[in-house]
Number of protein chains: 2
Amino acid sequence: MDANDVRGHLDGLLLAVLESGPLHGYGIIEALQRRSGGALQLPTGTVYPALRRLERARWIEGTWSVVDGRKRRTYSLSPAGRKELARRRSEWVRFTGVIGTVLGGGA
Amino acid sequence: MDANDVRGHLDGLLLAVLESGPLHGYGIIEALQRRSGGALQLPTGTVYPALRRLERARWIEGTWSVVDGRKRRTYSLSPAGRKELARRRSEWVRFTGVIGTVLGGGA
DNA sequence: ACGCTATACGTAGTCACGCTACATATGCAT
DNA sequence: ATGCATATGTAGCGTGACTACGTATAGCGT
């Protein structure tokens, strides 16, 4: 699967990962990779800007900390982010329903 | 559902519609709308260029005709297009599997 | 001491691809 | 004659993820 196919679904993926608990950018990238069985290997240039965008939208909150001498920005899901995640999930169901139906082929 | 979300899946949708039989651009737009229960209302500026692209890729073949005094370009699925459609369908299954798993929420 | 890798964050510019807005033309109903 | 449905097409735009960098610390091997 081409990593470009996450277009339009990236925000939902990031929110979903953070639902399990606060995590920092680098850890989020690894979590996506792990959860997708290796399919999603998103570059930092994709994830970091997206996280800042989600933060500006108040869906996640970030706090700086230092772990092992390295600066980290740890993000956690906000109540608004939780609502947004739910919205993204129902949108995903609708989306796959529509495309799947038209695409057919036993789908 | 935002029509922009078809990004990356448009070709498959068009090929799928043509699987039922030859059809012209305008008819394809209507078929997409009908099959999707009204969700997919793709503008001509999206569909026509896409059809030309699919034709250049040899996945569909177009022939001009005149019906009721109006010029029509009727497209039909080529053998290569049928193969491509199958490929798109398996990609779709993989895609929804990956995103759905990561997105979670009972998906 | 030096280089390499993993960890960790970030920006600038590019590119793909669907959309908006527009242009063109015929048939039919009011 | 005016407007709407039918029918095809192009030019330019915008969105959003990507590529390619740049920065910095820790830990390991040599």
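Letters go in sequence order (proteins before strands), and every chain restarts at 1.
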Engineer: Round to the nearest Å and state the distance from A/Asp68 atom CG to D/dG27 atom P.
Structural biologist: 6 Å
Engineer: I need the CG-C1' distance between A/Leu42 and D/dG16, as an integer number of Å.
Structural biologist: 13 Å
Engineer: Where the side chain of A/Pro49 is defined as all heavy atoms beyond and including C-beta, which of C/dG18, C/dT11, C/dG10 is the nearest nucleotide?
Structural biologist: C/dT11
Engineer: Expressed in angstrom and rounded to an integer, what is the separation of A/His24 atom NE2 from C/dT7 atom P?
Structural biologist: 9 Å
Engineer: Would you say the side-chain atoms of A/Ser20 and A/Arg35 include a donor-acceptor pair closer than 3.5 Å?
Structural biologist: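 A/Ser20 vs A/Arg35: donor-acceptor pair found between side chains.
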Engineer: May I ask you to say whether A/Arg34 pairs ionically with A/Glu30, meaning some side-chain N is under 4.0 Å from a carboxylate O?
Structural biologist: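 Result for this pair is no, no salt bridge flagged.
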Engineer: Would you say B/Arg72 places a side-chain N or O within less than 4.0 Å of OP1 or OP2 belonging to C/dT26?
Structural biologist: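 It does not, given that no N or O in the side chain of B/Arg72 lies less than 4.0 Å from OP1 or OP2 of C/dT26.
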Engineer: Measure the distance from OH on B/Tyr48 to C1' on C/dA23 and round it to the nearest whole Å.
Structural biologist: 14 Å
Engineer: On DNA chain D, does the nearest nucleotide to A/His9 precede the nearest nucleotide to A/Thr44 from the 5' side, or the other way round? Give the residue.
Structural biologist: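 The residue closer to the strand's 5' end, by nearest nucleotide, is A/His9.
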Engineer: Checking all strands, does B/Arg70 fall into the base, sugar-phosphate, or nothing category for heavy-atom contacts under 4.0 angstrom?
Structural biologist: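 Base contact - B/Arg70 has a heavy atom under 4.0 Å of at least one base atom.
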Engineer: Pick from A/Ile28, A/Leu13, A/Leu54, A/Leu85: which one makes a side-chain contact (heavy atoms from CB on, under 4.5 Å) with A/Leu18?
Structural biologist: A/Ile28
Engineer: Of the options D/dG9, D/dA7, C/dT7, whose atoms approach the side-chain atoms of A/Glu30 most closely?
Structural biologist: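 Looking only at side-chain atoms, A/Glu30 lies closest to C/dT7.
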Engineer: Which sits closer to the 5' end of DNA chain C, A/Val67 or A/Gly45, going by the nucleotide each is nearest to?
Structural biologist: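 Of the two residues, A/Val67 wins.
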Engineer: For the base of C/dG18, is there a side-chain donor-acceptor partner from B/Arg7 under 3.5 Å away?
Structural biologist: no
Engineer: Please give, in whole Å, the distance from D/dG16 C1' to A/Leu51 CG?
Structural biologist: 15 Å
Engineer: What I want to find out is whether A/Asp5 reaches B/Arg7 closely enough, with some N-O distance under 4.0 Å, to be called a salt bridge.
Structural biologist: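 Salt bridge between A/Asp5 and B/Arg7, a charged N being under 4.0 Å from a carboxylate O: no.
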Engineer: Verify salt bridge (Lys or Arg N to Asp or Glu O under 4.0 Å) between A/Arg58 and A/Glu84, making sure each step is shown before the conclusion.
Structural biologist: CA-CA 10 Å; A/Arg58 308 281 184 174; A/Glu84 177 65 16; over 6 Å; no
Engineer: Over all strands shown, is A/Gly8 touching base, sugar-phosphate only, or nothing at heavy-atom distances under 4.0 angstrom?
Structural biologist: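 The residue A/Gly8 makes sugar-phosphate contact but no base contact.
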Engineer: Distance check needed: C/dT11 C1' versus A/Arg53 CZ, whole Å only.
Structural biologist: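 It works out to 15 Å between those atoms.
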Engineer: Can you check the A/Ile29 CD1 to C/dA8 P distance for me, whole Å?
Structural biologist: 11 Å
Engineer: Between P on C/dG18 and CZ on B/Arg52, what's the gap in Å once rounded to a whole number?
Structural biologist: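 Atom CZ in B/Arg52 sits about 17 Å away from atom P in C/dG18.
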